[in-house]
Amino acid sequence: QVQLVESGGGLVQAGGSLRLSCAASGRTFSTYGMGWFRQAPGKEREFVGSISWSGSGTNYADSVKDRFTIVGGNAKSSVHLQMNSLKPEDTAVYYCVAYMIRAPVRLSAPDYWGQGTQVTVSS
């Protein structure tokens, strides 16, 4: 009921920046917020960060804290991930996610996933 499409991935040198975008469509009015996960080869998907529509509250994984920033676009329809000071270990497929309104909201268990976009950080 909610479709997510990521864009903006690519190849960047270590220390560089990249901005990912996600467009949401469908029943976005029923979402609590949106966020990002990532998955490196051979590893499980990892929570990156999220933003809630109410108060624009954000949460970040310690591994990206102070380097990545999540910013909402149009209300409940888009989100961006600004990635600065990129490191080779940030290389992964990045997935946009959306959370339905529920009690409680579990940031580790999104309800909808995008198809993913590749981010590669070279040394």
Side-chain angles (χ1 to χ4, degrees):
Q1 294 180 313
V2 176
Q3 296 78 46
L4 306 171
V5 180
E6 305 97 332
S7 62
L11 175 63
V12 186
Q13 289 188 323
S17 299
L18 200 64
R19 184 178 178 88
L20 304 183
S21 298
C22 177
S25 60
R27 304 187 68 179
T28 58
F29 62 89
S30 296
T31 62
Y32 161 86
M34 296 174 65
W36 296 88
F37 278 67
R38 66 185 182 184
Q39 185 169 27
K43 298 183 179 179
E44 296 182 352
R45 289 185 179 180
E46 173 190 24
F47 173 79
V48 175
S50 66
I51 184 169
S52 62
W53 306 132
S54 179
S56 298
T58 55
N59 288 277
Y60 298 97
D62 288 342
S63 59
V64 305
K65 183 176 179 291
D66 299 324
R67 297 190 299 119
F68 292 8
T69 304
I70 294 176
V71 181
N74 293 333
K76 298 187 177 183
S77 64
S78 64
V79 68
H80 308 275
L81 180 65
Q82 179 64 48
M83 303 184 292
N84 299 322
S85 301
L86 283 163
K87 306 174 181 179
E89 50 262 45
D90 294 318
T91 295
V93 176
Y94 283 71
Y95 297 89
C96 178
V97 300
Y99 303 88
M100 296 299 293
I101 296 174
R102 62 175 75 247
V105 173
R106 298 170 63 89
L107 298 184
S108 62
D111 296 285
Y112 300 97
W113 296 78
Q115 81 288 350
T117 185
Q118 178 70 47
V119 172
T120 302
V121 183
S122 62
S123 302

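Given the structure is predicted, the values throughout are model-derived calculations rather than measurements.
Closest of all the heavy-atom pairs between Met34 and Ala24 is CE-CB, 4.0 Å. Taking all atoms of both residues into account, the shortest heavy-atom contact from Val97 to Pro110 is CB-CB, 3.5 Å. In terms of heavy atoms, Ala98 sits closest to Leu4 at N-CD1, 3.6 Å. Between Ala14 and Pro88, the shortest heavy-atom contact is CB-CD, 4.1 Å.
Sorted by first then second residue, the salt bridge (Lys or Arg N to Asp or Glu O under 4.0 Å) pairs that include residues 64-74, not counting sequence neighbours, are Arg67-Asp90. For residues 8-122, the pairs satisfying disulfide (SG to SG under 2.5 Å) are Cys22-Cys96, with sequence neighbours left out. Applying the salt bridge (Lys or Arg N to Asp or Glu O under 4.0 Å) test to pairs two or more places apart or on separate chains, those with a residue in residues 41-58 are Arg38-Glu46. The salt bridge (Lys or Arg N to Asp or Glu O under 4.0 Å) pairs that include a residue from residues 111-123 are Arg102-Asp111, where partners are two or more places apart or lie in different chains. Residues in residues 28-78 take part in no disulfide (SG to SG under 2.5 Å) pair, two or more places apart or across chains. For residues 47-57, the side-chain hydrogen bond (donor to acceptor under 3.5 Å, both in side chains) pairs, not counting sequence neighbours, are Thr31-Trp53.
Contact check for Ile51 versus Tyr60: no side-chain heavy atoms found under the 4.5 Å cut-off. The shortest distance between side-chain heavy atoms of Gln118 and Thr91 falls below 4.5 Å.
In this structure, Val79 is not a member of the same hydrophobic cluster as Leu107, with clusters built from ILVMFWY side-chain heavy atoms closer than 4.5 Å. Cluster annotation: Val2 and Leu81 are assigned to the same hydrophobic cluster (Ile/Leu/Val/Met/Phe/Trp/Tyr, side-chain heavy-atom contacts under 4.5 Å, transitive). Linking ILVMFWY side-chain heavy atoms closer than 4.5 Å, directly or via other members, places Val119 and Ile70 in a single hydrophobic cluster. Cluster membership check: Leu18 does not share its hydrophobic cluster with Val93, using side-chain heavy-atom separations under 4.5 Å among Ile, Leu, Val, Met, Phe, Trp and Tyr.
Taking the six-membered ring for Trp and thresholds of 30 and 60 degrees, Phe47 and Phe37 have ring planes more than 60 degrees apart, a perpendicular arrangement.
We find the CG-CH2 distance between Leu20 and Trp36 to be 4.5 Å, quoted to the nearest 0.5 Å. A distance of 9.0 Å separates CZ in Phe29 from CD1 in Ile101, rounded to the nearest 0.5 Å.
In this structure Ser21 satisfies the side-chain hydrogen bond (donor to acceptor under 3.5 Å, both in side chains) test together with His80, sequence neighbours excluded. In this view, Gln3 and Ser25 satisfy the side chain to side chain contact (heavy atoms under 4.5 Å, CB included) rule, not counting sequence neighbours. Under the ring-ring contact (aromatic ring centres under 6.0 Å, His included) criterion, Tyr99 pairs with no residue at all, not counting sequence neighbours. Residues satisfying the ring-ring contact (aromatic ring centres under 6.0 Å, His included) criterion with Tyr112, sequence neighbours excluded, are absent altogether. Among residues two or more places apart in sequence or in another chain, the side chain to side chain contact (heavy atoms under 4.5 Å, CB included) test is passed with Ser17 by Gln82, Asn84.
Think of Val5 as one node in a network of Ile, Leu, Val, Met, Phe, Trp and Tyr side chains linked at under 4.5 Å; it has no links at all.
Counting only distance, with no hydrogens or angles, the side chain of Gln39 and the backbone of Ala92 share no donor-acceptor pair below 3.5 Å.
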